[in-house]
Amino acid sequence: MKFRVLGPRDAFFTAWPALLTSPLQTRLLTALLISPGLQGPHSQLQNLAWLGEPPSNAAFRTCLKQLRKALPDVEVTSHDQVCSLKVPRDRVDLAHLRDVVADRQSPPDSADLARRLRDVLRLCDDGGALRHLPADLFRKERSRLDDERHRAWLACLRAELATNDVPAVLDDTERLLALWPGDQDLFGLRVEALASCRRTSEVRQEIAEWTARHGTPGAQLRATINYYAREQPAGRRPDGRGSRPRVPRQLPPTGRPITGRGAELREMRSLLTGGQKHRRRIVLLSGLPGVGKTALLLRIAARCESRFPGGTLYQDLHGYTVGRAEGADPEDVLAGFLDALGVEPVPATLNGKICAYRSALAERSVLVVLDNARNSEQLIPLLPGSGTSATIVTSRNALRGVCDGEEAHSMRITPLDRADAAALLHQAVSREHGAGNPRLAEQLVHELVDLCDRLPLALTIVAGRIRNRPLADLRILVGELRDGRAALDALTSSDGEQVSVRLAFDCSYRHLSEPAALLLRQLAVHPGPSIGWHALLDLGPAAGIADPGRAADELTAASLLERTAERLTLHGLIRIYARELTPPLGEAVRARTVRRICDHMLHQVWACDRVLVRGRHLPVADRPDIRTDTPGSEKAAMLCLDSEYETARAVLELAREAGDVRTVWLLSMALVTYQWRRSRYEEAARNLTDVLATSQDITNAGERAMVHRMLAGCYWNQDRDRLPVAAAHLGHAIALSERQSSAEDRMSLALSLNMLAGVRRKQGLPDEAREQFVRALAVFRELDDPLGAGSALNGMARLALDRGDRAEALAHATAAQDSFVTTTDRSSQANVFVTIGDVHAAGGDLRPAAAAYAAAVKLYRSLDYWPREARTLRLLGRVQLRSGSLAEVRQSLRRARNLEGRIQDHDTVQQDRPASR
């Protein structure tokens with residue numbers, strides 16, 4: 001077992017042999033872990049654990065006894081009023097950290113010290129120590145531990161500087177100065193690291209920013225600044241002898257620190273500075289316009305250039321630059337690079353320049369930084385040959401010709417996550433913004449993040465607009481961005497620079513072929529948030545695009561369309577941009593596009609629903625011209641609908657706006673089974689209520705009966721006070737079905753009777769419930785429907801169990817099980833296993849009860865039916881607890897909690913409910 005008092009709140013233990021039974025035990029254990037030598041006097045431990053109110057000796061001994069029981073693998077001793085924890089010190093992160101820091105006094109190898117300090121410091125949480133305790137406890141101890149961690153970081157950074165690991169020092173100081181802003185020791189080490197790279201201008205810039213923020217530095221930091229901010233004599237060695245070889249350092253200023261991107265920076269540094277020697281390294285950053293590729297490129301290049309003693313070459317290739325029709329000529333770029341490297345004479349031909357350039361880099365270690373490449377033809381001549389040089393490139397184009405080789409690494413840069421996007425805006429929000437209403441200011445910031453769809457360029461423009469402006473201006477800006485027609489106007493810099501989201505998108509759009517441009521305008525009609533590959537292909541015929549797949553590939557390569565697995569996403573701001581493009585799509589093409597969107601979604605959802613509920617009928621005609629994925633199992637159908645659901649909701653809204661009542665009706669009905677299995681009852685009820693109000697003229701009596709029954713099921717699955725509404729809808733369904741005589745209407749009648757019986761049972765009306773179950777069972781048997789008959793029998797078993805007749809309950813449940821054997825409905829089979837488990841559990845027969853629940857869990861899991869699996873796992877856990885199987889209890893409850901975390905609506909699901917037919 002390992003203990004982490006410095007780590008995140010969920011890692012206090014890395015293993016749990018037993019549960020600590022109270023917060024008091026946790027506090028006592030924590031007090032021991034933070035004490036020097038893992039031991040402390042009783043008075044000190046009692047003061048911490050009992051929050052300043054010392055307990056009686058008996059209470060203290062009892063707590064120690066409980067702690068020993070909870071930690072059987074750890075020895076907790078008490079002798080002469082001193083309590084000790086006998087555990088290897090390297091298993092307690094704080095003790096291990098203290099040992100490593102103490103060892104540095106006997107000068108160890110700097111690299112070894114840095115490695116050992118980093119190994120333990122990486123376990124620390126940036127949020128501070130003792131995160132497993134409430135924030136108002138152990139305040140003095142938290143402050144003391146924070147000081148220890150700070151001293152350890154200083155020791156680690158000094159050791160890294162001694163080994164010339166400058167990139168690590170720069171990375172760490174940038175992050176740590178966010179934790180300890182104004183810390184002069186940390187900033188002094190950062191200045192020293194920057195100066196070691198001969199980045200004098202950057203040193204001066206950071207010094208100016210630091211002093212403006214934190215005031216005049218102390219004597220020690222001032223001495224560091226005065227020493228390292230000096231400019232070295234150009235062209236001379238530090239010792240004053242001879243001339244220095246020409247080492248270009250062409251990297252422009254990095255600008256303001258970027259927000260987030262820690263994972264990307266770490267991966268890029270590893271790719272650029274790692275790998276085998278004499279093998280070129282190429283890293284390509286691609287992504288949609290405005291995603292922050294250039295800022296990321298400059299930041300990582302600045303961090304890595306100290307690893308390249310041969311210099312840094314930089315060029316903006318102007319592949320997508322406002323106001324430039326053509327990109328930079330690679331021959332001109334090569335001429336500039338050769339001059340910077342001191343190659344004379346410069347060859348006259350392109351091939352000669354390429355050979356001279358690669359020869360010059362073959363014996364040097366140079367970082368080549370190429371920003372804003374248009375295509376492979378422009379880029380390939382600028383890539384070094386074999387050797388120790390490395391190249392980092394940005395482009396909106398995927399540059400697949402470059403990345404096909406094993407030496408090139410492609411990284412797709414995506415918009416910021418929500419937390420980092422909000423942090424970027426918070427940097428611009430003045431204190432005055434939230435002085436009167438901080439909650440409103442926070443709400444507006446998060447709304448701006450959503451309206452910008454986390455795009456860094458848009459967020460940066462917004463930050464510039466709101467910096468030091470009153471709260472009312474945030475409201476105005478939110479209003480402008482909500483108005484789709486004015487959103488891109490609002491995302492234009494007002495400081496005279498050509499910084500505009502619209503212009504950034506224009507630079508990519510103007511290079512598209514006509515089919516790709518037309519498909520982009522079609523995708524703007526699609527409501528999003530994503531679209532499947534087959535759905536995209538189905539858009540082509542509406543606009544006369546012969547090969548929509550090829551057009552989509554072009555949009556993806558241009559980073560105007562993002563592809564993940566089998567789904568494609570159009571960024572929210574690109575959607576707004578595409579809707580305002582000229583020429584517009586045209587009303588006829590737009591109407592056909594909406595029709596194809598609705599038709600595809602209906603047929604895709606219906607294909608999944610037919611797998612989930614076999615035997616339910618909807619009047620959805622076969623359409624060979626519509627491409628759909630047909631799942632091979634119920635679990636595959638649920639996974640398919642998981643990926644489609646948000647898009648299906650948006651398509652429903654699109655159909656409502658278009659007045660397409662038929663699609664609204666059929667798509668709402670086809671989604672019900674999925675919504676029930678994902679506990680989305682409220683949303684299903686809203687859709688079906690709308691269907692009842694609008695579809696009267698296009699549905700027959702049987703179809704309306706089905707809508708009433710599905711709506712009743714939605715209410716039944718919710719609170720008890722909704723049961724009368726469910727019963728009323730079932731009354732309508734039964735009345736509509738009784739007027740008809742077809743086999744389909746008789747089935748509708750039986751299903752409604754069966755559901756009404758379940759409602760009456762839940763209402764506490766067992767006699768009426770039994771009457772309806774009997775009626776339903778008779779009709780199911782008349783129609784030779786074993787699935788329905790089994791469901792009715794299972795309901796009758798639940799009724800018998802309610803009144804304590806376990807023998808009758810088991811008989812009905814066994815009959816239901818025999819009926820379900822002839823069907824493939826695993827959900828119903830699982831339901832009856834739960835009933836059998838309840839019968840055995842009620843009689844104290846724990847082993848057969850656990851076996852029945854386990855069988856039900858296995859079936860529900862195969863269906864991806866989260867609510868029912870979670871509820872059955874809790875039933876299984878109760879039986880396991882009664883049997884004394886604590887390890888199995890923890891396993892069952894852990895899985896149940898994980899499932900419940902996925903469910904948005906935590907309504908209880910009853911086990912005797914019929915399938916959604």
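The basis for the numbers below is simple: all heavy atoms, side chains too, and nothing from hydrogens, waters or symmetry mates. Position 1 is the first residue of the sequence; numbering continues from there.
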Discussion item. Contact between Leu536 and Leu561 at the side-chain level, heavy atoms closer than 4.5 Å - yes or no?
Written reply: yes

Worksheet item: Given side chains that start at C-beta, do those of Leu893 and Arg874 come closer than 4.5 Å, heavy atoms only?
Response: yes

Worksheet item: Nearest heavy-atom pair of Ala655 and Val664: which atoms, and what distance?
Response: CB-CG2, 3.8 Å

Response to the item:
Test side-chain hydrogen bond (donor to acceptor under 3.5 Å, both in side chains), reference Ser791, set Asn754, Asp825, Asp785, output is Asn754

Discussion item. I want to check something: taking the side chain as every heavy atom from C-beta on, are Val605 and Glu644 in contact at a cut-off of under 4.5 Å?
Written reply: no

Discussion item. If only side-chain N and O atoms count, and only distance matters, is there a donor-acceptor pair under 3.5 Å linking Arg563 with Thr556?
Written reply: no

Worksheet item: Taking NZ, NE, NH1 and NH2 as the nitrogens, is one of them in Glu738 or Arg775 under 4.0 Å from a carboxylate oxygen of the other?
Response: yes

Worksheet item: Would Ser668 and Asp690 count as a side chain to side chain contact (heavy atoms under 4.5 Å, CB included) if you check the C-alpha gap in whole Å, the side-chain angles of each, and the deciding distance to 0.1 Å?
Response: CA-CA 9 Å; Ser668 296; Asp690 179 51; over 6 Å; no

Worksheet entry | Donor-acceptor contact present, side-chain Arg680 to main-chain Gln675, <3.5 Å | no

Item to complete: Taking Arg720 for its side chain and Lys762 for its backbone only, find out whether a donor-acceptor pair lies under 3.5 Å.
Response: yes

Worksheet item: In Å, rounded to the nearest 0.5 Å, how long is the span from OG of Ser643 to OH of Tyr645?
Response: 13.5 Å

Fill in: Side-chain donor or acceptor of Ser862 paired with backbone N/O of Leu859 under 3.5 Å
yes

Worksheet item: Quick one: are His729 and Leu692 in side-chain contact, heavy atoms under 4.5 Å?
Response: yes

Discussion item. If you count heavy atoms of other groups shown closer than 6.0 angstrom to CD of Gln891, is the number above 12?
Written reply: no

Worksheet, complete the sentence: What one should report as the nearest heavy-atom pair of Asp721 and Pro724 is O-CD, 3.5 Å

Worksheet item: Do Arg760 and Gln763 have side-chain atoms, one donor and one acceptor, less than 3.5 Å apart?
Response: yes

Discussion item. Quick check on Asp784: does its CG atom have over 12 non-hydrogen neighbours (other residues, nucleotides or ligands) under 6.0 Å away?
Written reply: no

Discussion item. In the structure I gave you, are the side-chain heavy atoms of His603 and His534 within less than 4.5 Å of one another anywhere?
Written reply: no

Fill in: Minimum-distance pair of heavy atoms, taken over all atoms of Leu568 and Trp533
CD1-CE3, 3.7 Å

Worksheet entry | Salt bridge present between Arg897 and Glu900 (N-O < 4.0 angstrom) | no

Worksheet entry | Minimum heavy-atom distance Ala792-Phe773, with the two atoms named | O-CD2, 3.9 Å

Worksheet item: Hey, are the side chains of Val834 and Tyr860 touching, using non-hydrogen atoms and a 4.5 Å cut-off?
Response: yes

Worksheet, complete the sentence: Distance col, row Leu618:CG vs Trp606:CH2, nearest 0.5 angstrom, shows 4.0 Å

Item to complete: List the steps and the verdict of salt bridge (charged side-chain N to carboxylate O under 4.0 Å, His left out) for Arg770 and Glu808.
Response: CA-CA 13 Å; Arg770 180 174 179 78; Glu808 182 180 338; 3.8 Å; yes

Worksheet item: Looking at Met669 and Leu688, what are the two nearest heavy atoms and their distance?
Response: SD-CD2, 3.6 Å

Worksheet item: Is any side-chain heavy atom of Tyr715 less than 4.5 Å from a side-chain heavy atom of Leu723?
Response: no

Item to complete: Say whether, by atom type as modelled, one donor and one acceptor occur between the side chain of Gln740 and the main chain of Arg746 under 3.5 angstrom.
Response: no

Worksheet entry | Spacing of Thr835 atom OG1 and Arg798 atom CZ [to the nearest 0.5 Å] | 4.0 Å

Worksheet item: Run the side chain to side chain contact (heavy atoms under 4.5 Å, CB included) check on Arg575 and Leu523 step by step: do they pass?
Response: CA-CA 7 Å; Arg575 189 183 305 279; Leu523 287 170; 5.6 Å; no

Worksheet item: Do Glu562 and Thr414 get their side chains close enough for a donor-acceptor pair, meaning under 3.5 Å?
Response: no

Item to complete: Return yes if some donor-acceptor pair links the side-chain N/O of Asp538 with the main-chain N/O of Arg627 below 3.5 Å, else return no.
Response: yes

Worksheet item: Looking at Ile597, Asp599, Thr593, which one forms a side-chain contact (heavy atoms from CB on, under 4.5 Å) with Arg595?
Response: Asp599

Discussion item. Given 3.5 Å as the limit, does a donor-acceptor pair link the side chain of Asp719 with the main chain of Arg722, or not?
Written reply: no

Fill in: Stepwise side chain to side chain contact (heavy atoms under 4.5 Å, CB included) test for Phe833 and Gln817
CA-CA 8 Å; Phe833 269 122; Gln817 196 170 41; 3.2 Å; yes

Discussion item. With rounding to the nearest 0.5 angstrom, report the CZ to CG distance, Arg678 to Asp864.
Written reply: 4.5 Å

Item to complete: Decide if atom CZ of Arg590 counts as having more than 12 heavy atoms of other residues, nucleotides or ligands within a radius under 6.0 Å.
Response: no

Worksheet item: Does CZ belonging to Arg803 count more than 12 external heavy atoms closer than 6.0 Å?
Response: yes

Worksheet item: Between atom CD1 of Ile698 and atom CZ of Arg704, what is the distance when rounded to the nearest 0.5 Å?
Response: 10.5 Å

Worksheet item: Just checking, Arg677 and Trp866: is the charged tip under 6.0 Å from the six-membered ring centre and within 45° of the axis?
Response: no

Item to complete: Kindly say whether Leu654 contributes a backbone atom to a donor-acceptor pair with the side chain of Glu657 at under 3.5 angstrom?
Response: no

Worksheet item: What do you reckon, is CD of Glu782 surrounded by more than 12 foreign heavy atoms closer than 6.0 Å?
Response: yes

Item to complete: Determine whether Pro529 and Thr569 make a side-chain contact, defined as any pair of heavy atoms from C-beta on separated by less than 4.5 Å.
Response: no

Item to complete: Show your working on side chain to side chain donor-acceptor pair (under 3.5 Å) between Asn687 and Arg656 and close with a plain yes or no.
Response: CA-CA 11 Å; Asn687 290 342; Arg656 289 190 184 100; 3.0 Å; yes

Fill in: Working for side chain to side chain contact (heavy atoms under 4.5 Å, CB included), residues Tyr865 and Ser827
CA-CA 9 Å; Tyr865 204 155; Ser827 178; 3.8 Å; yes

Worksheet item: Which heavy atom of Ala816 sits nearest a heavy atom of Gly790, and at what distance?
Response: CB-O, 3.3 Å

Response to the item:
Rounded to the nearest 0.5 Å, the CG atom of Leu753 sits from the CG atom of Leu777 at a distance of 11.0 Å

Discussion item. Looking at Thr647 and Ser530, would you say the former's side chain and the latter's main chain have a donor-acceptor pair under 3.5 Å?
Written reply: yes

